[in-house]
Visitor: 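Let me give you the structure first, and then I'll get to my questions.
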Amino acid sequence: MHMDDYPGREEQDSLRESLYNATIIDRVDCTDDLAKYRILPDVEVMPFQPGQYVALGVGYWEPRLPGAQVEKVPIKRARKLVRRAYSISCPIVDLDSSALMPVDQIDYLEFYITLVRHASEPDGKPPALTPRLFGKQAGDRLVMESKITGKYLLGPIDPADTVLMLGTGTGEAPHNAMATHLLANGHQGRIIVATSVRHRRDAAYIDQHTRLMKLFSNYVYLPLTTREPENLDSTRDDYVGKLYLQTLFTSGRLAEMAGDHLSPSNTHVFMCGNPDMIGYVPPGAEIPEQPGMLPLLREAGFHDDDGSGSPGGIRFEKYW
């Protein structure tokens with residue numbers, strides 16, 4: 001073995017044996033580019049809170065999916081790991097028994113992951129992790145970091161208050177864990193999970209959310225699409241336009257769909273997903289033409305969360 005060569009099959013097996021510490025026990029493919037991974041670490045996971053995240057990783061020596069952007073791995077990186085942090089989701093509810101499945105009642109961790117095949121920019125760096133991760137199946141090994149962390153937490157919430165969770169795509173993952181936790185602990189106020197996706201097929205937990213709505217009268221799930229025919233073709237009888245969270249909120253349509261006034265006097269807001277939807281603008285940065293939810297919520301009387309648990313607080317996850 002020469003360290004100036006790329007690792008061969010035997011060395012790859014040795015690297016996996018020495019570095020990997022968790023097993024994929026199930027993989028549910030929702031679309032060609034969207035999957036749920038259930039992962040069992042080799043050692044018991046320390047208790048964590050809904051909304052937190054942990055890093056997953058595989059080796060740079062692992063093969064990439066055919067059709068993914070070509071990546072040239074420098075020799076100095078060929079024996080190293082590529083990692084990325086993912087919010088922890090959960091199965092929500094068992095569709096056979098209707099039993100809730102919050103994160104503290106299952107012995108594995110579930111992740112809701114999008115395959116990124118190409119860089120978003122023409123000359124962008126090839127995505128390193130998911131073209132390798134999506135080549136892995138149940139029974140395969142990978143790395144899960146031992147530290148589960150994150151400050152995107154429920155915090156104190158009065159059981160009678162309304163909880164509004166706004167997400168895009170797989171940004172729904174922590175909201176699945178949070179909503180299930182609230183319901184399992186007897187939350188009586190309204191819980192609204194609104195997720196904006198391109199296509200209905202991208203709302204991969206819709207069966208579980210539909211079951212929750214049948215089990216709990218205070219639970220509302222709103223899968224909002226932007227690329228279906230009724231979003232794009234104005235000649236259709238069922239034309240609704242692109243259902244963006246910002247537009248629905250400012251028009252009052254979101255409150256109507258939620259069956260709740262969404263007033264800052266009794267509503268807590270959580271947001272996770274596309275930074276453009278969240279709308280955080282760093283100090284000194286240029287304000288975008290199309291505002292995200294943060295300035296719209298502040299204008300409506302909501303405020304940045306201060307940790308007190310008072311209604312009207314806004315909490316959001318930062319992926320950037």
Side-chain angles (χ1 to χ4, degrees), residues 30-36 51 53 86-87 89 92 111-116 120 152 162-180 190-210 212-213 219-234 236 238-260 262 267-281 288-300 302 314-320:
C30 313
T31 71
D32 289 343
D33 298 321
L34 187 63
K36 303 172 188 175
Y53 60 82
Y86 289 99
S87 293
S89 185
I92 301 178
F111 300 89
Y112 187 30
I113 300 177
T114 297
L115 167 62
V116 182
S120 57
Y152 188 55
T162 294
V163 179
L164 174 64
M165 299 182 184
L166 306 176
T168 58
T170 55
E172 179 181 291
H175 298 162
N176 294 337
M178 290 172 163
T180 307
R190 211 156 185 78
I191 301 171
I192 302 111
V193 175
T195 305
S196 180
V197 293
R198 292 183 176 184
H199 301 280
R200 270 184 291 276
R201 64 177 179 267
D202 299 324
Y205 286 87
I206 194 166
D207 290 344
Q208 288 78 10
H209 289 297
T210 300
L212 279 194
M213 287 194 288
Y219 185 75
V220 178
Y221 179 62
L222 301 173
L224 308 167
T225 60
T226 61
R227 301 288 179 86
E228 291 291 340
E230 64 270 22
N231 304 125
L232 304 174
D233 185 356
S234 61
R236 292 173 60 99
D238 60 350
Y239 176 70
V240 293
K242 294 184 178 182
L243 299 178
Y244 290 116
L245 290 163
Q246 298 96 305
T247 306
L248 292 172
F249 178 75
T250 54
S251 69
R253 177 71 175 136
L254 185 63
E256 183 181 329
M257 296 168 75
D260 192 280
L262 304 181
T267 302
H268 306 256
V269 180
F270 296 82
M271 297 189 292
C272 184
N274 191 319
D276 290 336
M277 179 277 289
I278 293 173
Y280 173 73
V281 180
E289 287 186 19
Q290 300 296 326
M293 285 299 306
L294 268 175
L296 299 177
L297 286 162
R298 290 166 180 158
E299 189 175 315
F302 290 85
I314 308 167
R315 303 172 205 181
F316 61 97
E317 179 65 288
K318 284 189 176 182
Y319 283 127
W320 58 90

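Note that the numbering runs from 1 along the sequence shown for the chain. No experiment lies behind these values; they were computed from the predicted model shown.
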Visitor: Looking at every non-hydrogen atom in both residues, tell me the closest pair between P174 and C272 and how far apart they are.
Guide: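 Looks like CG-SG, 3.7 Å.
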Visitor: Determine the minimum heavy-atom distance between C30 and A204, stating which atoms define it.
Guide: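 Distance-wise, the nearest heavy atoms are SG-CB, 3.4 Å.
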Visitor: Give, for atom CG of L166 and atom CZ of F249, the distance between the pair rounded to the nearest 0.5 Å.
Guide: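 It comes to 8.5 Å.
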Visitor: Determine whether a donor-acceptor pair (N or O, by modelled atom type, separation under 3.5 Å) exists between the side chain of K36 and the backbone of S89.
Guide: no
Visitor: Any sub-3.5 Å donor-acceptor pair from Q246's side-chain atoms to L296's backbone N or O?
Guide: no
Visitor: Flag the pair Y53 / E317 as yes when at least one side-chain heavy-atom distance between them is below 4.5 Å, and no otherwise.
Guide: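 Yes, their side chains come closer than 4.5 Å.
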Visitor: Kindly write out the residues that satisfy side-chain contact (heavy atoms from CB on, under 4.5 Å) with T114, not counting sequence neighbours, or none if the list is empty.
Guide: L34, T170
Visitor: Check whether any side-chain heavy atom of M293 sits under 4.5 Å from a side-chain heavy atom of Y244, and report yes or no.
Guide: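 Result no, sub-4.5 Å side-chain heavy-atom pair not found.
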Visitor: So how far is it from L164 CG to F302 CZ, rounded to the nearest 0.5 Å?
Guide: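 Nearest 0.5 Å value for the CG-CZ distance: 7.0 Å.
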Visitor: D260 and L262: which non-hydrogen atoms are nearest, and at how many Å?
Guide: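 Closest pair (atom of D260, atom of L262, distance): OD1-N, 2.8 Å.
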Visitor: side-chain contact (heavy atoms from CB on, under 4.5 Å) with R253: which residues, sequence neighbours excluded?
Guide: L248, S251, E256, M257
Visitor: Within this structure, what is the NZ-CG distance for the pair K242 and L232, rounded to the nearest 0.5 Å?
Guide: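 K242 atom NZ to L232 atom CG measures 6.0 Å (nearest 0.5 Å).
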Visitor: Apply side-chain contact (heavy atoms from CB on, under 4.5 Å) to T168 and list each qualifying residue two or more places apart in sequence or on a separate chain.
Guide: S196, N274, M277
Visitor: Would you give me the side-chain donor-acceptor pairs under 3.5 Å for residues 219-227, sequence neighbours excluded?
Guide:
{"unit_1": "Y219", "atom_1": "OH", "unit_2": "H209", "atom_2": "ND1", "d": "2.7"}
{"unit_1": "Y221", "atom_1": "OH", "unit_2": "E172", "atom_2": "OE1", "d": "2.8"}
{"unit_1": "T225", "atom_1": "OG1", "unit_2": "N231", "atom_2": "OD1", "d": "2.8"}
{"unit_1": "T225", "atom_1": "OG1", "unit_2": "N231", "atom_2": "ND2", "d": "3.4"}

Visitor: Can you name the nearest heavy-atom pair linking T180 to I92, along with the distance?
Guide: CG2-O, 3.4 Å
Visitor: For T250 and T247, work out which heavy atoms get closest and say how close.
Guide: OG1-O, 3.2 Å
Visitor: Can you name the nearest heavy-atom pair linking M165 to A179, along with the distance?
Guide: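 Looking at all heavy atoms of both residues, the closest pair is CE-N, 4.0 Å.
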Visitor: Does the Y112 side chain pair with the main chain of G171, one donor and one acceptor, at a distance under 3.5 Å?
Guide: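 Judged by distance alone, no pair lies under 3.5 Å.
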Visitor: Nearest 0.5 Å, what's the CE-OH distance between M271 and Y280?
Guide: 12.0 Å
Visitor: Residues two or more places apart in sequence or in another chain: which of them pass side-chain contact (heavy atoms from CB on, under 4.5 Å) with P295?
Guide: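 Result, side-chain contact (heavy atoms from CB on, under 4.5 Å) vs P295: P291.
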Visitor: Using the salt bridge (Lys or Arg N to Asp or Glu O under 4.0 Å) criterion, which residues pair with R236? Sequence neighbours excluded.
Guide: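 Checked R236 against salt bridge (Lys or Arg N to Asp or Glu O under 4.0 Å); matches are D238.
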